[in-house]
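To start, the structure itself, in structure tokens.
The first residue of the sequence shown is numbered 1, and numbering continues consecutively from there.
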Amino acid sequence: MASVAVCPGSFDPITYGHIDIIKRSAKVFDHVYICVLNNSAKKPFFSVDERLELIKEVTKDIKNVSVSSYEGLLIEYAKSVNANAIIRGLRAVSDFEYEMQITSMNRVLSDEIETFFIMTNNQYSFLSSSIVKEVSKYDGDISELVPKIVHDALRAKFHDNGK
């Protein structure tokens, strides 16, 4: 049986921290599905289609990765792609409590799909999409935090919206 994992997130936008987790997951699992989920608690900056395009571009060289989106329960998406694992990135201890709640609920919904936590690389432990957007909004240098295509998309979006 092939090992198939889902790496979910809002990816609004994708950062080098996300890419680090994706690349490391792709080394462990036969196939990794990156799934853009809509977090109803957040108002997205980029549309789902824009996020999908950015993710596809920055992961195009990782052969065992697919990119898609889903509205609904993550566990249902995981079942639909025959995944046997969910990958969650952890930046700090503060992420763990929230992630543990989600993982526990997913276990109630399906005890056949395991969740694996991957600690982010130390150089990205402070990094979040929210921080990237905030710094970009004020023309701060985010070139070490996101790929050029994401940097350009942020600048265009802020410029087009008149900051």
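You'll find the side chain of D139 reaches within 4.5 Å of the side chain of R155, heavy atoms only. Contact annotation: the side chain of T15 never approaches that of L145 to less than 4.5 Å [non-hydrogen atoms, C-beta and beyond]. T59 has its side chain within reach of V65: a pair of non-hydrogen atoms, C-beta onward, lies under 4.5 Å apart. Under the 4.5 Å side-chain criterion, counting only non-hydrogen atoms from C-beta, I75 is in contact with I113. Using a 4.5 Å heavy-atom threshold, the side chains of E112 and N84 count as separate.
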* Full working for salt bridge (charged side-chain N to carboxylate O under 4.0 Å, His left out) between K137 and E134 -> CA-CA 5 Å; K137 178 179 179 180; E134 187 69 14; 5.0 Å; no
* Asked: Yes or no on side chain to side chain contact (heavy atoms under 4.5 Å, CB included) for I131 and S128, after CA distance, side-chain angles and deciding distance?
  -> CA-CA 5 Å; I131 288 172; S128 71; 3.3 Å; yes
* To do: Before giving the answer on side chain to side chain contact (heavy atoms under 4.5 Å, CB included), spell out for S25 and I118 the whole-Å C-alpha distance, their side-chain angles and the decisive distance to 0.1 Å.
  => CA-CA 8 Å; S25 298; I118 298 179; 3.4 Å; yes
* To do: Decide yes or no on side chain to side chain contact (heavy atoms under 4.5 Å, CB included) for I62 and N64, but give the supporting numbers first.
  => CA-CA 6 Å; I62 310 171; N64 61 331; 3.6 Å; yes
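Residues S69 and C35 come closest through the heavy atom pair C-SG, 4.2 Å. Here the closest heavy-atom approach between residue A83 and residue V6 is recorded as CB-CG2, 3.6 Å. Shortest non-hydrogen contact noted between L37 and G72 is CD2-O, 4.4 Å. Heavy atoms only, all atoms of each residue included: P8 and F11 are closest at C-CE1, 3.7 Å. In plain terms, the two heavy atoms of T120 and I21 that are nearest each other are CA-CD1, 4.0 Å. Of all heavy-atom pairs spanning P13 and S129, the tightest one is O-OG, 2.6 Å.
Counted by atom type alone, S136 and H151 present zero donor-acceptor pairs between their side chains at under 3.5 Å.
Note on V32 and M119: separate hydrophobic clusters, where clusters join Ile, Leu, Val, Met, Phe, Trp and Tyr whose side-chain heavy atoms are under 4.5 Å apart, directly or indirectly. F96 and I86 are assigned to two separate hydrophobic clusters, defined by single-linkage of ILVMFWY side chains at heavy-atom distances under 4.5 Å. Side-chain heavy atoms closer than 4.5 Å link hydrophobic residues (I, L, V, M, F, W, Y) into clusters, and following such links, even through other members, never connects L74 to L90.
A donor-acceptor pair is defined here as one N or O able to donate and one able to accept, closer than 3.5 Å; such a pair exists between the side chain of D12 and the backbone of F45. In this structure, the side chain of R88 does not engage the main chain of F117 through any donor-acceptor pair within 3.5 Å. A distance-only check finds a donor-acceptor pair linking the side chain of S3 to the backbone of D30 [under 3.5 Å]. Under the 3.5 Å distance criterion, the side-chain polar atoms of T103 are left unmatched by any main-chain donor or acceptor of M100. Looking only at distances, a side-chain donor or acceptor of R51 sits under 3.5 Å from a matching main-chain atom of S10.
The ring of Y33 has its center no closer than 6.0 angstrom to the ring center of Y70.
I34 CD1 to H18 NE2: the interatomic distance, rounded to the nearest 0.5 Å, is 10.0 Å. Remark: Y16 OH to L127 CG distance equals 11.0 Å, nearest 0.5 Å. Rounding to the nearest 0.5 angstrom, the gap separating the OG atom in S110 from the CG atom in L73 is 11.5 Å. A distance of 4.5 Å separates CD1 in I19 from CD1 in I14, rounded to the nearest 0.5 Å. To the nearest 0.5 Å, the span separating CZ on F46 from CG on L52 amounts to 12.5 Å.
Using a 30° and 60° split on the angle between ring planes, F29 and F116 fall in the perpendicular class, above 60°.
Within a 6.0 Å sphere centred on CZ of R107, heavy atoms belonging to other residues, nucleotides or ligands number more than 12.
Residue pairs meeting the salt bridge (Lys or Arg N to Asp or Glu O under 4.0 Å) criterion with at least one member in residues 62-87, sequence neighbours excluded, are E76-K79.
Remark: S47 pairs with D49, E50 by the side chain to side chain contact (heavy atoms under 4.5 Å, CB included) rule, at least two apart or across chains.
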